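All remarks here apply to the structure that follows.
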Amino acid sequence: MLELRGITAGYDPRDPVVRDVYLTVADGEAVGLLGPSGCGKSTLARVAALLHRPTAGTVVIDGEPARGWRHRAPREQRTAFGVVFQQPRQSADPRLRLRDLIAEPLRASGRSRAEAAARVGELAAAVGLSEELLARRPHEVSDGQLQRACLARALVPRPRWLICDEMTAMLDASTTAALVAVVEDYRRESGAGLLVVGHDAALLDRWCDRTVRWSTLVPNKEDASPRKAT
Amino acid sequence: MGNRITRLRASGLVVAAVVLAVLVVPLAFPLDEQAVDLAAKLRQPGLSHPFGTDEVGRDLLLRCVYGLRVSLLVGVVAALVATVVGTAVGALAGALGGWADRALMRLVDLFSSVPHLLLGIFVVALFRPGVWPVIASVAVTHWLSTARIVRAEVLSLRTRPYIDAAVSGGASRWRVAVRHLLPGVLPQAGLAAVLMIPHAIWHESALSFLGLGLPTHQASLGNMVNSARGSLLAGDWWPTLFPGLFIIVPTLAVAGLAGAWRERLDPRRRSELTL
């Protein structure tokens, strides 16, 4: 169970992007978070993945509140979340071949090359990347192919929750369908929970068990926000 | 376009010739660059002395090559030391952030607040004249800009989603720094190092010209220009001209190569080249 309790977060403490938001993802549940661009849903997703420290509120993982964010979070807690971002170009180190990109989380936790290679082969097959593509660097593949690699990288540590932040916003319909199928296969096999952030209501409604609209998360926006009032 | 390639070729040729001369001449012609021949002092350039001789009859061509050797040694070593120090300070400041960043950058400000020739003179004054104090003096005054460049680059890389992805994948601070941040800043740091070589050579010449660098008997381009001042007023132009050219031409050539490298680093230029 993943609970976000009273999260207030942003990049300027006096002017937070997210104010006092509550959201729960049960084990194995798929939750869609629907909102317009720039409303703060990506920030909330980064808080949930322990990548951004909120100014107030807690993230509770299986009943235990998270104590640290980014490097201050224990490795097991960080790797419990698989994150896929909107722009594959920005989320792939331009110097790494796709093979090394996918293997990076395994290498970072000290697993051997052989073990990493076996797991990479398995996942590459699952997301539909050929051997030949695995030897290329990010600038030599398309956005869709790169996003497949980024999804494989997120799945490598066998996360308990997947967080897809506008994962398919830049992609065509067939690639979108393929990536959604990969995520669903993984969830069926592992029982992982899912938080999908997006602005495509039709996709989220079909994909997720329930869809939460951003406006319902933010209580009494006009009253709670002094900067809007002035 | 053609102009750029010509410039690049000319720069490459000069740098290659300089490196070759500096490495081969002392081995191939075991002549003494300090040999004094008072009978042949201040000879005009001619067959036996292509660059002429100086006021105590030493061969200027030989001394120019030996001087260039010293200049290159100082330039390359000082640029390397300054780059390593600057990269370390900049990367630490950018990667750690917070008070460590503020402390390190105030240190950089402190060093920058002193005119760097003055600081360089202060450092050489602490030691007996020689090559190493000059290298130390140039290195101490030249790591600042590299530290600033590297810090800015690290700050910009740090917020990329791929760093988020690495953190989420369980990478330690050390692994993020070594695997993702450092490789990203190395091209910039390397370019800064090459651009620093000409600057370091000019600094060595300046210190020697002021009489604060290398001992006066040692062949150094700065020393040679300094000791030629007297004869220049008497109308003898060659003891000033040739060492001067030996300072200017190689430094322009190194700067030309670095300029071509900088154009390659610019992503828009790079995509032009690969298409």
Side-chain angles (χ1 to χ4, degrees), chain A residues 11 42 45-46 48-52 68-96 100-111 138-140 146 149-159 161-163 165-166, chain B residues 87 91-102 149-150 152-191 261-275:
Chain A
Y11 305 89
S42 290
R46 292 182 70 223
L50 306 183
L51 289 172
H52 184 85
W69 270 263
R70 295 187 77 84
H71 287 294
R72 293 211 172 86
R75 178 177 280 161
E76 314 80 68
Q77 263 183 14
R78 275 186 270 155
T79 53
F81 297 94
V83 193
V84 187
F85 299 100
Q86 176 173 6
Q87 292 173 322
R89 298 274 155 226
Q90 302 277 310
S91 37
D93 187 332
R95 278 162 297 274
L96 298 185
D100 301 320
L101 186 81
I102 300 172
E104 189 54 24
L106 292 174
R107 303 289 297 149
S109 58
R111 241 67 72 80
H139 66 273
E140 298 166 325
L146 195 53
C150 289
L151 176 57
R153 172 181 61 187
L155 295 178
V156 149
R158 306 200 134 274
W161 289 279
L162 265 175
I163 297 183
D165 180 6
E166 301 268 20
Chain B
T87 305
L92 274 179
L96 294 178
W99 65 266
D101 180 24
R102 284 196 287 276
I149 293 168
V150 167
E153 196 69 18
V154 165
L155 283 182
S156 117
L157 291 179
R158 221 164 67 125
T159 56
R160 304 275 165 95
Y162 70 79
I163 301 299
D164 275 355
V167 173
S168 177
S172 61
R173 277 173 211 275
W174 175 250
R175 192 170 175 89
V176 168
V178 170
R179 179 101 167 139
H180 301 291
L181 293 178
L182 264 188
V185 302
L186 279 186
Q188 295 287 345
L191 175 61
W261 185 6
R262 178 158 52 190
E263 282 173 12
R264 253 189 74 84
L265 273 188
D266 186 334
R268 270 169 305 172
R269 295 271 190 184
R270 183 160 49 189
S271 59
E272 248 171 54
L273 287 176
T274 50
L275 278 175

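In what follows, chains carry the letters A, B, and so on, assigned in the order in which the sequence lines appear, proteins first and then strands, with residues in each chain numbered from 1. The basis for the numbers below is simple: all heavy atoms, side chains too, and nothing from hydrogens, waters or symmetry mates. Computed from a prediction, not measured in an experiment: that's the story for all the values here.
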Kindly compute the distance separating CZ (R153(A)) from OG (S168(B)), expressed to the nearest 0.5 Å.
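Reported to 0.5 Å precision, the distance equals 8.5 Å.
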
Would you say [X] and [Y] make side-chain contact, with heavy atoms under 4.5 Å?
{"X": "Y162(B)", "Y": "C150(A)", "answer": "no"}
{"X": "Q86(A)", "Y": "P161(B)", "answer": "no"}
{"X": "R179(B)", "Y": "E104(A)", "answer": "yes"}

For [X], is it the side chain, the backbone, both or neither that has a heavy atom under 4.5 Å from a heavy atom of chain B?
{"X": "L96(A)", "value": "side chain"}
{"X": "R95(A)", "value": "side chain"}
{"X": "T79(A)", "value": "both"}
{"X": "R46(A)", "value": "side chain"}

Is the shortest side-chain N to carboxylate O distance from R70(A) to D164(B) below 4.0 Å?
yes

Tell me which of these, [options], has more heavy-atom pairs under 4.5 Å with chain B than the rest.
{"options": "G82(A), S91(A), P105(A)", "value": "S91(A)"}
{"options": "A80(A), A73(A), S109(A), A92(A)", "value": "A92(A)"}
{"options": "H52(A), H71(A), R75(A)", "value": "H71(A)"}

Give, as side chain, backbone, both or neither, the part of R175(B) having an atom under 4.5 angstrom from any heavy atom of chain A.
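Just its side chain gets close to chain A.
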
Which residues pass the side-chain contact (heavy atoms from CB on, under 4.5 Å) test with A49(A), sequence neighbours left out?
L51(A), F81(A), V83(A), I163(A)

Nearest atoms (heavy-atom pairs only) where A108(A) meets A171(B)
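Minimum heavy-atom separation between A108(A) and A171(B): CB-CA, 3.8 Å.
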
Specify the closest pair of heavy atoms between Q90(A) and R160(B), including all atoms of both residues, with the distance to one decimal.
OE1-CD, 4.1 Å

Could you check whether any side-chain N or O of R78(A) sits under 3.5 Å from a backbone N or O of V167(B), counting only pairs where one atom can act as donor and the other as acceptor?
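At least one qualifying donor-acceptor pair exists.
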
